There are 2 protein chains.
Amino acid sequence: MNEIGLDSAGEGTAGRREAVLDVVLALLVEKGAAALTMTAVARRASCSKETLYKWFGDREGLLTETVRWQASKVRAGAYDRQHLDAGALRESLEGFAANWLTVISSETSVALNRIAIGQAETLGGIVLANGRFAIGERLKPLLLDARAAGLVAFDDAEEAFRTFFGLAGRDVQIRRLLGDRFAIDAAADARRAVDQFLALYGATKTPAMAG
Amino acid sequence: MNEIGLDSAGEGTAGRREAVLDVVLALLVEKGAAALTMTAVARRASCSKETLYKWFGDREGLLTETVRWQASKVRAGAYDRQHLDAGALRESLEGFAANWLTVISSETSVALNRIAIGQAETLGGIVLANGRFAIGERLKPLLLDARAAGLVAFDDAEEAFRTFFGLAGRDVQIRRLLGDRFAIDAAADARRAVDQFLALYGATKTPAMAG
DNA sequence: ACCGAACCGTAACGTACGGTACGGCGACGT
DNA sequence: ACGTCGCCGTACCGTACGTTACGGTTCGGT
């Protein structure tokens, strides 16, 4: 039951907070948002509720910190911007799409999005900023570099990204959120999405629908 | 306060149940899922809690019936299958996309999806069946007829639909669910989505990425 | 006029949860 | 050695909600 250990590793209280946040994530995934009570967190984390409130203020603070903590773990490495030929572009785009698909399909992401949607006023903005918009800001430089290299053609990088987002995600996220557990081949889906995206925006082929 | 009227219209108890369900929807949209208590529903619907429990069993039964009730209201008309030329296909697809975008952007749909996601085990399947899968089954015949008419080319109608779904919806639903209120031009988005879909699957142009 | 069914309004009950208070205990500095 | 600090475990409090029960009222049928 004790998942933390009484500070035996000598990591001080540094890792304790994060251990608590991991307990929140684990409970969220295993039991769902309804079972996420302060008592359950305290018991699972082998800490007292008093400590929980001292560290995180209240329940909402605990949830907020958990969302940020998970977001900080998901950040994928930035992609190399050198030697951007057609192959490198394709590889980077597929990496983005496959990683994104893997993340939004994971139980942790689904559970976190569920609770954020349930409290859209307070948590929705955080998840949105660290999810949808964060990946947009990380992908746009790649798209702009690709355009500068004459590999793709578009007017608005935001619109191009939204199309990429749609082609990659399709119905995956909403189905997962609504409880549909179906198999996903992230690599194959990423390849298909990139094929379709380049068919629409690629400059080497017929530049259809660039506006 | 009384939104129903004491059966004065002589509609018997036929419309009373539906009136209660509309109250649930209104409360969901106005106050959010957290404020949806049985007491609030009873007060707003000018009925007693005892009646609520007699009619719907328990809180979950009330929610389930509400989801079904809303789903029955959203059904759009089937599209004409005659004279399927390129123009008619485009028009039908745009109609589908625009209607779908309007629905998923509506406050009612967002509120209902939020609560369904929060209770994915019990309500998620219902929303999924009446939303994502229902529109899929309604769109596929159109796609198959279009393929038979030589207007589009694809191997798997399900995959073609999922692409259409992604091109139309993109990030709209997840952003709305997470509380992002941004303007949407359903007609323009539908036009763009259909343009892109036909660029990928249209048989008149280069049939790229059909597999 | 009378009966019974359905329903309204409200009170009541049990439970569960967020948040707080308290006693005890091990660790650490002096 | 000893006081202090932080934390654990638990008990506790107030509240809110789901659910049930009950008295009073309306209304259709006979």
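On a predicted model such as this, the values are computed, not experimentally measured, just so you know.
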For this session: In whole angstrom, give the distance that lies between atom CG of B:D58 and atom P of C:dT15.
Result: 18 Å
Problem set entry | Whole angstrom value for the distance that separates C1' of D:dG18 from CZ of B:F56 | 16 Å
Exercise. Considering only D:dT19, C:dA21, C:dC8, which nucleotide approaches the side chain of B:R59 most closely?
Worked result: D:dT19
For this session: Determine, for B:F182 and B:R175, whether the Lys NZ or Arg CZ falls below 6.0 Å from the six-membered ring centre while staying within 45 degrees of the axis.
Result: yes
Seminar exercise, completed: Ranking C:dG18, D:dG23, C:dA12 by distance to the side chain of B:K49, first place goes to C:dA12
Exercise. Where the side chain of B:T37 is defined as all heavy atoms beyond and including C-beta, which of C:dG19, D:dG9, D:dG18 is the nearest nucleotide?
Worked result: D:dG18
Seminar exercise, completed: Between CZ of B:R43 and P of C:dA11 the distance, given in whole Å, is 12 Å
Problem set entry | Heavy-atom check, side chain of B:L93 versus side chain of B:L89, under 4.5 Å | yes
For this session: With the side chain of A:C47 defined as its heavy atoms from C-beta on, choose the nearest nucleotide among C:dG19, D:dC8, D:dT20.
Result: D:dC8
Problem set entry | Whole-Å distance separating the CG atom of A:L52 from the P atom of D:dT10 | 15 Å
Problem set entry | Whole angstrom value for the distance that separates P of C:dC17 from NZ of A:K31 | 13 Å
Exercise. Using a cut-off of less than 4.0 Å, is there contact between a side-chain N or O of B:R17 and OP1 or OP2 of C:dC7?
Worked result: no
Exercise. D:dC5 P sits how many Å from A:K54 NZ, rounded?
Worked result: 11 Å
Seminar exercise, completed: Whole-Å distance, B:E50 CD to D:dG23 P, equals 12 Å
Exercise. Can you tell me how far P of D:dA11 sits from OH of A:Y53, to the nearest Å?
Worked result: 17 Å
Exercise. Can you find a side chain N or O atom of B:T39 that sits less than 4.0 Å from OP1 or OP2 on D:dC17?
Worked result: no
Exercise. So does B:R68 have more than 12 non-hydrogen atoms from other groups sitting under 6.0 Å from CZ?
Worked result: no
Exercise. B:W55 side chain N/O closer than 4.0 Å to the phosphate oxygens (OP1, OP2) of C:dC7?
Worked result: yes
Exercise. Does any donor atom in the side chain of B:S105 or B:T102 lie under 3.5 Å from an acceptor atom in the other side chain?
Worked result: no
Exercise. Of all the choices, D:dG18, D:dC8, C:dG18, which nucleotide is nearest to the side chain of B:M38 once you look at every atom?
Worked result: D:dG18
Exercise. Do B:L178 and A:N113 come within less than 4.5 Å of each other through their side chains, counting heavy atoms only?
Worked result: yes
